Structure formats: structure tokens, C-alpha cells
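Before any comments, here is the structure.
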Amino acid sequence: MSLTMDILSSSMLTNQSLMARPSCPVNLSSSGSVSVLGFSLPSPRMACVRNHGIGVIRASVAVEQQTQKTRVALIRIGTRGSPLALAQAYETRDKLMAKHAELAEEGAIEIVIIKTTGDKILTQPLADIGGKGLFTKEIDEALINSDIDIAVHSMKDVPTYLPEKTILPCNLPREDVRDAFISLSAASLAELPEGSVIGTASLRRKSQILHRFPSLKVEENFRGNVQTRLRKLSEGVVQATLLALAGLKRLNMTENVTSILPIDEMLPAVAQGAIGIACRSDDDKMANYIASLNHEETRLAVACERAFLLTLDGSCRTPIAGYASKDEDGNCIFRGLVASPDGTRVIETSRKGLYTYEDMISMGKDAGKELLSQAGPGFFDS
């Protein structure tokens, strides 16, 4: 099979390329602009002028600068700069534009790329450098400091405690929560030869893989964006990898999927496939904007799963999985597990109840307490 290594054109923005103005203005979005650390690249409507005289070029620049002065973004969206993060930011932008006419105007929405500590340090496992908050801290700081107006996050990266002065009143409709198996040599985990190496930075995936297939090996420090991991796979660094199907769908890269793992075989991470949008707690205007995009079924499921995670006080050092869904009768079905990193011990539980906020929070907490009791002292200290 061939691996698609194409990267969204917007994802190819780096600090270096953004800080140097291109010879021709690049239209990165139909409405709005993209910036890094406050440096804005507008999306001008004028055509590029090349080699038609310095005077014309200077006039074009002057018009562009004057236009910039009148384009004050109504919403600045903060996001990481990975292809997937940008895809999620653009999805948020498009939904806001469709919902609110004033945001569909040219320059109304600006996307601000913020590099997080987790993006900078790629040579160590997440658990060794501070956990998941590494992908949100700098974005949260920019939000609190009013450098951005809203923040778009992958919900599975958001710590269970939100920073002071921020709220997260919106979850977009959830994508497929399952994990995708990708390999050039096998159709499934079961078909991999003994001793095969699977690349994943997720202890949740590692523990569940080793629990079912103890003869396989896992390369833990298998980090980087989706494109980087697929490249490593194609280079033979590992024989297979697992990626969130949601991310591959948002990047239009599902052609790389070898097979999809059922929930029964690989329980997803808490909030996998969900996008969260945060704003400052005192900014009613932004809260109203993003609340208009909220998908309540997703918000309740994520709240249930995060209540479970909070009760377990989970971190990147503990393999934890949890998934809340609505059954055909409209009830909530919750499944959760904790495991030892080597997969020798996996403890599971499930709950069923009404699909309401209070009931689902209660289910998540109760399931967490049960697993804490079953695991016993010291289980979460490893």
C-alpha cells in the first residue's frame, strides 16, 4: 500500500516561512488570516504583481498595509500548528462563518498559531516531560493574556482541570472514536509476526496491545504529527502503528488505514475524537459565539469520560481508557479501564444510565472509584 505524505498547504507554515514575506501574497483562507506570534499574513484579494516596476509593487504594498489597518479580526482563534490542529481550527472557523453572517466577512476571523512545549520536545516520551498539559499550556496562557479570543483543542489533550479565568462551553460533533491499524506487511495486529515492533507514544494503546499480543514489541517514543509517523512507518522504523481514526478523517488520509480496531479490542482514550473550544470566563460575546456550535450529545459524553479520568487522577504515566456513548434506547453506556503499562494487568468496568449530565457525571465518578478500589494501593504509582 502507499502512504499519503501530503500535508495540508496551511500546515506548511513554519516560523521561518511566516516571518519572511513571500514574493507573492499567499491566500491561506477564504476569509481571515493566519499569524504566528502576532505576525499576520493577510489573504488579499489583489493579484500578485511581479516584475512590473518598483512603483507598482510599492503601491500594492501600501494598499495592502492600508487594508490591513481596517481589518480588525472579530475573533482570533488560537491553535497548535500541526496539520491536524490546523484542520480543527479551520473546521471551527468554517462553522462560525456559517452560523454568523458578520464572521463570514473578509478578515473577520484570524487563526493564530502557537507553538507549545509538547511540539518543541519530540525526543522524549510525554510522561517524562510533564504530561498532556504540554499541548495546551501556551495556548491557555495566550487566551488568558487576551492574545487570542478562543482556543481550539483536541479534548484528549486537555487536562481535567481548566486554568482559572477560562471556560470550555463547546464541543463540536465527535468524530469516529476508534483507532486505526496501519501496516505495510500485515492486515491486523493478529497477523504481525512474533517480535514485530509497533510504534505508539500512547501507554493506553501499548498496554492493550501487549495484553492481547504479548509476543509483540512496542516502540514508546514514537512521536510527531501524523505525517511524521507515517513516514517512519514507510522507512521501516516500525512494522505497524496505531493512529486515531478521527485525525485521519479530518486530514482526509483514510486511504492509509489497513484496518479499524473495534471498541472491544481497543478502548479509546478519554475524549478521543472530540474538539473543544475555550474562551475567557468573562467574555460573554465569545462564549455566545462558541456555544452556538456546541453539540450537546458530545459534550455530555466527554463530561462523563473526564469525570472518570478526574476520579482516577490519571496522567500520561497511567494507561486509562474510557468511552461514553448513546445506545439505541437513548441511554448512556460507559466503559472504562485501567492497565499496567506492560499489559499484564487490565481492569475493566461498565455502567448504564440516563443520558443526562448529572447521571453521566455520576456514572463516570462511580466507575473511577470502582477501578481505584480494584487496582489497590500502588497501582497508579508505577
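The figures here come from the full heavy-atom set of this structure, side chains too, leaving out hydrogens, waters and symmetry mates. Every value quoted in this text rests on a predicted model; they were computed, and no experiment measured them.
- Under 4.0 Å is where a charged nitrogen must lie from a carboxylate oxygen, and between E138 and K115 no such pair does.
- Closest of all the heavy-atom pairs between G343 and H211 is O-ND1, 2.9 Å.
- Side-chain contact check for E110 versus V112: some heavy-atom pair is nearer than 4.5 Å.
- A salt bridge links D149 to R280: one of the charged nitrogens lies within less than 4.0 Å of a carboxylate oxygen.
- Stacking of K352 on the aromatic ring of F334 is not recorded, the 6.0 Å distance cut-off and the 45° axial limit not both being met.
- When all heavy atoms of G368 and L312 are compared, the pair lying nearest together is O-CD2, 3.4 Å.
- Under 4.0 Å is where a charged nitrogen must lie from a carboxylate oxygen, and between R351 and D366 at least one such pair does.
- Nearest heavy atoms, A321 versus R204: CB-CD, 3.8 Å.
- Between K285 and D283, no side-chain nitrogen of the basic residue sits less than 4.0 Å from a carboxylate oxygen of the acidic one, so the salt-bridge criterion is not met.
- Across Q239 and S185, no two heavy atoms sit closer than the pair O-OG, 4.0 Å.
- Around atom CD of E102, more than 12 heavy atoms belonging to other residues, nucleotides or ligands sit under 6.0 Å away.
- Across V270, I263, I333, L337, a single residue satisfies side chain to side chain contact (heavy atoms under 4.5 Å, CB included) together with Y323, and that is I263.
- Salt-bridge annotation for E175 and R250: absent, with no side-chain N of the basic residue lying under 4.0 Å from a carboxylate O of the acidic one.
- Partners of D264 under the side-chain hydrogen bond (donor to acceptor under 3.5 Å, both in side chains) rule, at least two apart in sequence or in another chain, are R335.
- With sequence neighbours left out, E328 forms a side-chain hydrogen bond (donor to acceptor under 3.5 Å, both in side chains) with no residue at all.
- Using a 4.0 Å cut-off between charged nitrogen and carboxylate oxygen, E235 and K232 do not count as a salt-bridge pair.
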